[in-house]
Each structure stands twice: as C-alpha cells, then as structure tokens.
Amino acid sequence: MNGFSLRRLLAVIRKELRQLRRDRLTYAMIVGIPLMQLLLFGYAINMDVRHLPAAVVDQARSSASRELAEQLLQSRVFEFDEVLASPAAADRLLQQGTIKAAAIIPPDLEERLPDPDRKVFQLVVDGSDQVVQQAARQIGQFPVRSLMRGDASASSDDASAVEIVSYYNPQREAPLNTVPGLIGVILTMTMVMFTAIALVREREQGNLEFLITTPLSSAELTIGKVLPFIGIGLVQTTLVLILGAWVFQVPVRGSLLELYAAALVFIIASLALGIFISTLVTTQFQAMQAAIFTFLPQILLSGFIFPFEGMPTPAQWLAEVLPLTHFVRLVRGIMLRGAGLVDLWPELLALVVFATLAMLVATLRVHKRLD
Amino acid sequence: MATEPAAIVTHGLTRRFGSLTAVDHLDLEVPRSRVYGFLGPNGCGKSTTIRMLCGLLLPTEGDIRVLDLEIPRQAETLKRRIGYMTQSFSLYRDLSVTENLQFVANLFGLDRARTRRRLDELVQTYRLESLTAQLAGTLSGGQKQRLALAAAVLNEPELLFLDEPTSAVDPQSRRDFWAELFRLTEAGTTLLVSTHYMDEAERCHQLAILQEGRLMREGSPEQLKADLGALPLLVETDRPHAAELALADLPGVLSSAQIGATLRVLVDAEDTREPVTDRLRTQGIEARVSTTDPNLEDVFVAATQGGHRT
Ligand SMILES: Nc1ncnc2c1ncn2[C@@H]1O[C@H](COP(=O)(O)OP(=O)(O)OP(=O)(O)O)[C@@H](O)[C@H]1O
Ligand SMILES: [Mg+2]
C-alpha cells in the first residue's frame, strides 16, 4: 500500500464538490427532499386545528351543563354545534366521520365539578386522525373547573378534568413526533442513496478503471467521496430543524450539540450502508433500488409511522437491527423530552455498533481491482 | 543498456471468465523503448491482457513481470511507473480539461508548482490550449483522445498502455497521434498499443497477433510479412464476385477479399496457384492471376485462419 495521503484525499473531495456543484439534480434533491418531506408530513401538524366538527351529548341538561357547552364552543378548536341526545348517536356520527369529536357531559356534572379526583366530562375523539389527536390535547388542557367557577386563571384541579377517549388509535402518537423522526427519514433516504450512487457511478462510467492504475487507494477514494455527504447530511439536519421550529414550532428541548452528535453518528452509519450497497451492485439504477430496499423497512418499522409497541414481536426484533429505529428514539428523546445522550446511551451504542460493523464490512469489500 | 531486462515478461498468462478462456497461456516478452502492438479481432483478449499487466485483474494462471516487478503482488509500486489509456474514455465528463488534469496530478502527488508546469507542457504538447476550460464530456472524439493521452503520461511513465487509442479518430488525427507516441519512445518510454487497424499495426516495432486469447504470431511487421507462410494472389477480372464464389471451396485457399475491381486471394502455397487458375477457367471466368507482395492483412488472415503456428 501507499499509505494514506491527505493530498489525494483532498483532491478527491475537491473533485467531488465540483461535480456536485454541476449536478443540478442532486443539488436540488439535497434541499428539495427535506423541504418537500417536511411540508408533506408537517401539513398534518399545521392543518388549521379550528372548526373541527364536533357534538355535545348533554346528559345533565342543567344550567351548568349548558354553560360548559358554551365554554367549549368558545374554544374554537372544535365546533360543538351539534347537540345529541345519547352517546350512541355520537358514536355513530364519529364512525361516519361526520364529527371528529364528542363531548359527553355526564348526568352528575354538578357533583363532579368540585371533586378534583373525578373527571368533569369525557371527550371522545376520532383517533385515526392525527390532527384531531392534537386538537384533543388542547381540549385536555382546558381549565374546566376554573372557568366554571369564573376564575380568571387556571388552577391545579384543572389538570385532570377532562377524560380523553381516543377511538381508533389508542396509542395517541403525537404529531409532534413526526418532525424529529423526519430528520432520520430524510438522512436515510439521501445518505444511503447518494453515496451508493456516487460510488457506483465511478465504476459504471469507467472512471474506476483509470483510477485503479493511479496511486489512489480505495480508502482515499471512498472517504473522499463520502466526506462531502457528511456535510450535506448536517446541512439537511439543520434545514429540518429550522423549518420545524419556524413553521411548526417543534422545539429542541435537549442539547443541540448532542442532537448533532447523534445525527453525525447516524449519518456515518447510513454512509457505511451506502458504501456497502455500492460494493454489491454494478449500476446506478441497481444502487437506487438497493437503497430503497433498505429504506422502506426502516421507515415502516422504525416507529416513525407506526408505534413500535404496536408491532408484532418479530417485527420489533427486525426493527432493533435497523439504525433508523435507534435514531428516531434518540432524536425524539433529545428534541421532545429534553433527554441527554447519557440517558439514551443504549440507542447511541446501537448506532455506533451498526456504523462500525457496516464500515468494517464495507471496507473489506471495497478493493482496488476490477474483478 | 543491451542487457536491460524486458519491460514485460509473461509465462503462461491465462484468464478465464467462467467457462470462457479470454486469455490462453500467453508467453510475451516486450522490449523496452519500443512500440509493441497487440493486433487482434474484437474479443480476442487484448483489453483483458492489458488489465492483467497493470494489476487491475487477477490472472487465473501464469506469471507476470512488469518493469521487473512481480504482478499482481507489487502492483501498487508499479502504478506510479505506468500510464494507462483505457479503451473507453475514463476521465470525468463533468470536469473541465484543466480540472481533470489537475486531479490526476494531485493523485500522483505533484506539488502546486510542478502541477502548473506539467499542465502547461501537456496542454501545449497535446494541443489542448483552446480547450482548457471546456468540460471533457463536450470534447470531440479526437480531443478526448488527446486529453486521455495527456492524463496517461502526466506522471511521465516508463511504460504506457494504450488500449485501442485511436478507435474514434480520423486518419489525419491518427497520424498526429502516432507522431506523439513516437516522441514518447524516443524519450525512452515503452509503449504497448492494442489495435485492430492494419495501418496502425504497421507502425509498431513489434507485433503480437492474438486470436481467442492465444498468441498466433509474433515479430516485427517486416519479419511477419517475410515469414507469411502463405501466398497472396491478385486476381484481376471483370467479375470479382463470381470469382470469389468460385474459389470459396477450393482446397488451399485461405481467404479472399474484393478490393475494387480485383480480388486478393490468399493461398497456402505456390502449388495452389495452378488449381486457382484452372477453377476460374472451368467456371468460365476470365481472369489474370499474379502474385503480389504480402501485407499485414495477409499475415493477420493467415495467422487467424491458417491454423496455429507460433
Ligand atoms: N468481466 C468480464 N466478465 C466476463 N467476460 C469478460 C469480462 N471481460 C472480458 N470478457 C470476455 O473476454 C473476452 C475478451 O475480452 P476483451 O475485452 O479482452 O477483448 P478485446 O480484445 O479487448 O476486444 P475489443 O477489441 O472489442 O476491445 C471477450 O469474449 C469478453 O466477452
Ligand atoms: Mg478491448
């Protein structure tokens, strides 16, 4: 071997950046994919959560119950203009999709109001709709007891006043979870596919045949081609974070630095997967297919779309092997629960192990010959 | 100088792809500072042999020594001392002429000042001055070839492999290209050129004629023509096509090719000249049969159709 040369590595990086700059499509995809995905997935979060059709089932028929109905109407989140006689009628309308929620006011409303141990009323929502989930959460924060007492500010006994019963989606996945997970999805999609394609391109277009007869080592070539993508991955992460905060008010409650550290490990894991794929295929098209092949199970099983706990056990085992599963947990923990990497170390460890193994296998498979 | 070992020596060099034997027990000896040609039809194993000699492909069997290095074991050391111009364009189409050359210069570890000097030289030698900023993908066939050659010789290699370097180039450009190649040999570079053009083969100091991975003939063009082992006949007739058909199944006729109004017939020996004249007469074809000087095409035909003889 020739040893590792920084000059050759830099030459490859410079070449790669030049080519990237001239490749409008890739360029557009680097920015376009996060933008499009964020808006597509984010749309569900941002949809105007006002005026959702809803009904009130007033079983108390008292002045207090009428006042409560009035207060709910004021909330503007749900449009409680339908007044129904029985919970059964509400169920039917929910099933039809005519209403998205129903407030069930119990006959003993007056007795419940002063008792902090009891729920004041029940909100039945269509849990199949993420928007409704979000809206229900707002009603859940509704300071019923204070309002009914006529207090200006909420008090401690408001906390558990509303019982939310979610139909069709008892897990109540928060739509807020979408944006953090989306970082992982976008990184998987672009990192794996772009590296695999970029590496296979050298082979497919015949460049490799010339490169092999120069002192360039396969490590210099691979690392040089892959390093720019680490930068691209971090740019994409930043893009999603900024847009997520700006458009959808998604917070970063934990450390931003730790978030980027987790993203970096995940990017490296994805790049290693991309390198590995590039050693298995011979054309750019095959590389794309193989990338999608690794990408679909990750999206479906990582907990990004379907809650992990709801999956059958074998699917859970499979999910544990996929890097995205661990990254989704990491990023949700850091962004939403304010957790640190220390608390989430098993997930980080899993990512590190995956990245190391994939890099090892990939390096063993990349060799400086045509056959 | 005279005792300097050959640039390339192989013994029993063989490469199989599955059941196909692309290169079949080649014994080669390529002298230094010469142009050595591989002449052979498509698929005869020219590229495969070159790839094995550069260490790009592993041989299935056989030994290779290139520039006194054992290949593939010492291939990495060899790579600094050779240049390789691939059969299809292998530089980056989306980089400019200068960017491509700069990249190659960096790979060979040239520093900034030397890179600039070397690039100036190359751009001038290979007439790329007006094209430096143009993307390689938009160059014409001949311009691409000159750029590829410039990249292949950038590290001033002792040994240069050229795989069908002029396949997409007009005759004038081909002549210019060869002038550049000869300049390189004068400077001491050894050249290994593969081709299927006779005029190109004619220029080589030494030739190896390959067929189906086997070495059929080896020697200088003059030597090969002198040792043809067959006799070219010129058949002048008004009906060359009929004459060709008439002679097709005659024993001793190796091949025939129509060239303008004449038919060039290659026969195995002087004895076959009589039967040729007889056959044409009995078929009622008026013709004048004379002998002519052998050319490389005759050598090629005799070598690839006249059985094995090395
Ligand atoms: N990677 C490979 N896998 C399978 N077969 C191969 C491979 N490379 C070459 N061959 C086969 O080996 C034989 C020799 O190929 P090679 O490219 O060396 O021919 P060539 O003399 O260079 O031909 P051409 O003049 O068309 O370039 C051909 O039959 C080809 O199909
Ligand atoms: Mg070839």
Side-chain angles (χ1 to χ4, degrees), chain A residues 1-28 194 197-225 227-228 282-284 365-371, chain B residues 15-17 22 47-48 50-60 72 74-96 98-112 115 135-137 148 151-152 154-155 157 159-161 163:
Chain A
M1 286 307 291
N2 293 293
F4 197 88
S5 151
L6 198 61
R7 188 198 298 273
R8 289 195 293 263
L9 179 68
L10 289 176
V12 175
I13 294 175
R14 189 164 338 120
K15 169 197 82 78
E16 203 60 26
L17 290 175
R18 272 192 177 131
Q19 289 184 300
L20 210 58
R21 210 173 51 217
R22 291 192 185 131
D23 183 0
R24 292 260 177 77
L25 189 67
T26 305
Y27 212 42
F194 285 169
I197 286 178
L199 286 167
V200 170
R201 192 173 55 194
E202 303 272 337
R203 184 179 287 269
E204 197 184 13
Q205 298 196 341
N207 310 124
L208 198 64
E209 190 171 359
F210 175 76
L211 290 182
I212 296 177
T213 56
T214 72
L216 182 69
S217 73
S218 43
E220 287 156 359
L221 177 66
T222 310
I223 297 175
K225 285 190 72 82
L227 271 182
T282 48
T283 67
Q284 295 185 58
R365 284 196 54 89
V366 176
H367 54 208
K368 214 186 158 191
R369 265 199 310 275
L370 284 180
D371 54 352
Chain B
R15 171 73 204 209
R16 295 193 193 91
F17 295 107
S47 299
T48 306
I50 292 179
R51 286 179 182 143
M52 286 192 288
L53 296 178
C54 315
L56 261 70
L57 272 183
L58 290 179
T60 316
Q74 294 175 294
E76 285 307 316
T77 316
L78 178 70
K79 279 166 190 176
R80 303 182 162 277
R81 298 168 58 191
I82 59 166
Y84 175 31
M85 180 171 162
T86 52
Q87 183 168 356
S88 55
F89 188 67
S90 57
L91 296 172
Y92 296 97
R93 286 160 215 275
D94 48 359
L95 292 186
S96 74
T98 309
E99 286 165 352
N100 266 303
L101 291 175
Q102 253 167 9
F103 176 60
V104 178
N106 286 332
L107 294 188
F108 281 103
L110 269 58
D111 61 34
R112 196 178 287 262
T115 300
L135 294 188
L154 191 139
N155 60 325
L159 172 61
L160 184 58
F161 294 94
D163 196 356

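A note on names: the letters A, B, ... follow the listed sequences, proteins ahead of strands, and every chain is numbered from 1.
Here the CD1-OG1 distance, from B:Ile50 to A:Thr213, works out to 11.5 Å after rounding to the nearest 0.5 Å. Remark: A:Arg18 CZ to B:Glu99 CD distance equals 4.0 Å, nearest 0.5 Å. Rounding to the nearest 0.5 Å places OH of B:Tyr92 at 3.5 Å from NZ of A:Lys15.
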If you apply the rule side chain to side chain contact (heavy atoms under 4.5 Å, CB included), what do you find for A:Ile212 with B:Lys79, and how did you get there? CA-CA 8 Å; A:Ile212 296 177; B:Lys79 279 166 190 176; 3.6 Å; yes
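Nearest heavy-atom pair across A:Phe210 and B:Tyr84 is CD1-O, 3.6 Å. Summarising the geometry of B:Ser90 relative to A:Gly206, their closest heavy-atom pair is CB-O, 3.1 Å, with the distance given to 0.1 Å. Of all heavy-atom pairs spanning B:Leu135 and A:Arg22, the tightest one is CD2-NH1, 3.7 Å.
Contact annotation for B:Ser96: only backbone heavy atoms (N, CA, C, O) come within less than 4.5 Å of a heavy atom of chain A. Proximity to chain A is limited to the backbone of B:Phe89, based on heavy atoms less than 4.5 angstrom apart. The parts of B:Ala151 that come within reach of chain A are both its backbone and its side chain, each placing non-hydrogen atoms under 4.5 angstrom from that chain. For chain A, no part of B:Arg81 is nearby; none of its heavy atoms comes within less than 4.5 Å.
Residues that satisfy the salt bridge (Lys or Arg N to Asp or Glu O under 4.0 Å) test with A:Arg21, not counting sequence neighbours, are absent from this structure.
Taking B:Thr86, B:Ile82, B:Leu78, B:Asn155 one by one and counting their heavy-atom pairs under 4.5 Å with chain A, the maximum is reached by B:Thr86.
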Side-chain atoms of residues 101-112 of chain B: list all donor-acceptor pairs with protein atoms under 3.5 Å, sequence neighbours left out, distances to 0.1 Å.
| unit_1 | atom_1 | unit_2 | atom_2 | d |
| --- | --- | --- | --- | --- |
| B:Asn106 | ND2 | B:Gln102 | O | 3.4 |
| B:Asp111 | OD1 | B:Ala113 | N | 3.3 |
| B:Asp111 | OD1 | B:Arg114 | N | 2.8 |

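With contacts defined as side-chain heavy-atom distances shorter than 4.5 Å, the pair B:Arg51/A:Glu209 qualifies.
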